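The first residue of the sequence shown is numbered 1, and numbering continues consecutively from there. Keep in mind it's a predicted model, so treat the numbers as computed, not measured. As a basis for the values below, the full set of heavy atoms in this structure was taken, side chains included, without hydrogen atoms, waters or symmetry mates.
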Amino acid sequence: MTPPVSARERVARSLARQGLMQHLGVRLLSASEGHVELAIPYSDKTTQQQGGFHGGAIGALADIAGGYAALTVMPEGMEVVTVEYKINFLASHQGGEIRAIGKVIKAGRRVVVTSAEVVHIDADGKSSPCAVMQQTLAPVPQTY
């Protein structure tokens with residue numbers, strides 16, 4: 001019998017399959033049951049016309065952090081898909097990186113509710129709020 005895969009390994013394997021996340025340069029910082037932290041560095045791939053992090057990049061990072069937090073509480077052979085999310089953008093930032101901390105609020109058989117907090121980390125290591133998100137996901141069978 002194969003030993004169970006750790007939450008970190010499960011998230012890392014899935015993240016490696018995501019073309020958009022690879023394109024944006026997303027890094028997995030931590031993963032444990034019900035909790036995932038990811039980061040995106042500032043680059044020309046993540047900005048809007050005024051030079052700040054694009055809301056689409058911020059939303060994608062929050063979505064994937066919440067989704068991966070949910071994945072860590074799913075049984076082997078199951079994954080999740082986003083049903084909906086609501087995000088509040090709090091501030092626009094340039095340089096450094098943004099980090100999203102996804103947490104499971106409630107994991108049920110039919111839906112999982114998560115939250116994500118997105119913060120900006122500047123070159124000096126100072127953290128500033130960037131966005132907050134709440135999300136609903138549905139468990140689905142893994143198809144690969």
Side-chain angles (χ1 to χ4, degrees), residues 2-107 111-144:
T2 306
V5 177
S6 72
R8 183 177 182 83
E9 181 61 25
R10 191 171 184 192
V11 171
R13 286 181 186 175
S14 181
L15 182 60
R17 295 178 55 85
Q18 295 219 13
L20 178 61
M21 297 302 117
Q22 297 306 309
H23 175 73
L24 294 176
V26 172
R27 295 183 336 273
L28 173 60
L29 301 179
S30 67
S32 58
E33 188 173 319
H35 184 274
V36 168
E37 185 172 359
L38 302 166
I40 293 180
Y42 182 81
S43 76
D44 62 350
K45 296 174 184 172
T46 63
T47 58
Q48 38 87 310
Q49 73 281 3
Q50 295 179 341
F53 276 97
H54 193 287
I58 296 166
L61 187 64
D63 175 45
I64 203 75
Y68 279 144
L71 180 67
T72 67
V73 300
M74 291 291 107
E76 287 294 323
M78 294 297 288
E79 294 194 337
V80 292
V81 294
T82 302
V83 174
E84 62 89 25
Y85 69 80
K86 196 263 190 240
I87 191 164
N88 291 99
F89 297 102
L90 307 174
S92 180
H93 298 279
Q94 295 181 359
E97 69 180 18
I98 53 174
R99 293 182 185 172
I101 300 96
K103 297 177 184 176
V104 172
I105 297 171
K106 171 82 168 133
V111 297
V112 180
V113 177
T114 68
S115 66
E117 176 185 354
V118 182
V119 296
H120 175 259
I121 310 295
D122 70 15
D124 297 324
K126 180 184 174 206
S127 175
S128 302
C130 187
V132 291
M133 179 208 70
Q134 184 169 310
Q135 174 182 48
T136 304
L137 302 112
V140 296
Q142 183 176 343
T143 59
Y144 56 90

Step by step, would you call Val26 with Leu61 a side-chain contact (heavy atoms from CB on, under 4.5 Å)?
-> CA-CA 8 Å; Val26 172; Leu61 187 64; 4.2 Å; yes

Evaluate the criterion side-chain contact (heavy atoms from CB on, under 4.5 Å) for residue pair Gln135 and Thr82; output intermediate values, then yes/no.
-> CA-CA 7 Å; Gln135 174 182 48; Thr82 302; 3.2 Å; yes

Could you check Gln134 against Tyr85 for side-chain contact (heavy atoms from CB on, under 4.5 Å), going step by step and ending with a plain yes or no?
-> CA-CA 6 Å; Gln134 184 169 310; Tyr85 69 80; over 6 Å; no

Could you please spell out the steps behind the side-chain contact (heavy atoms from CB on, under 4.5 Å) verdict for Val132 and Ile87?
-> CA-CA 6 Å; Val132 291; Ile87 191 164; over 6 Å; no

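Nearest heavy atoms, Arg10 versus Leu71: NH1-O, 3.2 Å. In terms of heavy-atom proximity, Gly25 sits nearest to Pro41 at O-CD, 3.3 Å. Closest approach of Ser92 and Gln48 over heavy atoms only: OG-NE2, 4.1 Å. Residues Pro139 and Val112 share a closest heavy-atom pair of CG-CG2, 4.4 Å. The minimum heavy-atom distance between Val113 and Thr136, with the atom names listed, is CG2-OG1, 4.4 Å. When all heavy atoms of Gly66 and Leu137 are compared, the pair lying nearest together is O-CD1, 4.2 Å.
Residue His120 holds its NE2 atom at 10.5 Å from CZ of Arg99, rounded to the nearest 0.5 Å. A distance of 7.5 Å separates CD1 in Ile121 from OG in Ser128, rounded to the nearest 0.5 Å. The distance from atom OG1 of Thr46 to atom CD1 of Ile98, rounded to the nearest 0.5 Å, is 7.0 Å. Atom OG in Ser115 sits 9.5 Å away from atom CD1 in Ile101 (nearest 0.5 Å).
Taking the side chain as every heavy atom from C-beta outward, Ile58 and Val118 approach each other to under 4.5 Å. Contact annotation: the side chain of Tyr144 approaches that of Glu79 to within less than 4.5 Å [non-hydrogen atoms, C-beta and beyond]. Taking the side chain as every heavy atom from C-beta outward, Phe53 and Thr47 never approach each other to under 4.5 Å. Residues Leu90 and Pro129 form a side-chain contact, since some pair of their non-hydrogen atoms from C-beta on lies under 4.5 Å apart.
Side-chain atoms of His93 never come within 3.5 Å of backbone atoms of Asp122 as a donor-acceptor pair (strictly under, hydrogens ignored).
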All N/O donor-acceptor pairs, side-chain side in residues 29-40, below 3.5 Å, sequence neighbours left out:
none

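Residue pairs meeting the side-chain hydrogen bond (donor to acceptor under 3.5 Å, both in side chains) criterion with at least one partner in residues 13-28, sequence neighbours excluded, are Glu9-Arg13, Ser14-Tyr68, Gln18-Tyr68, Arg27-Glu97.
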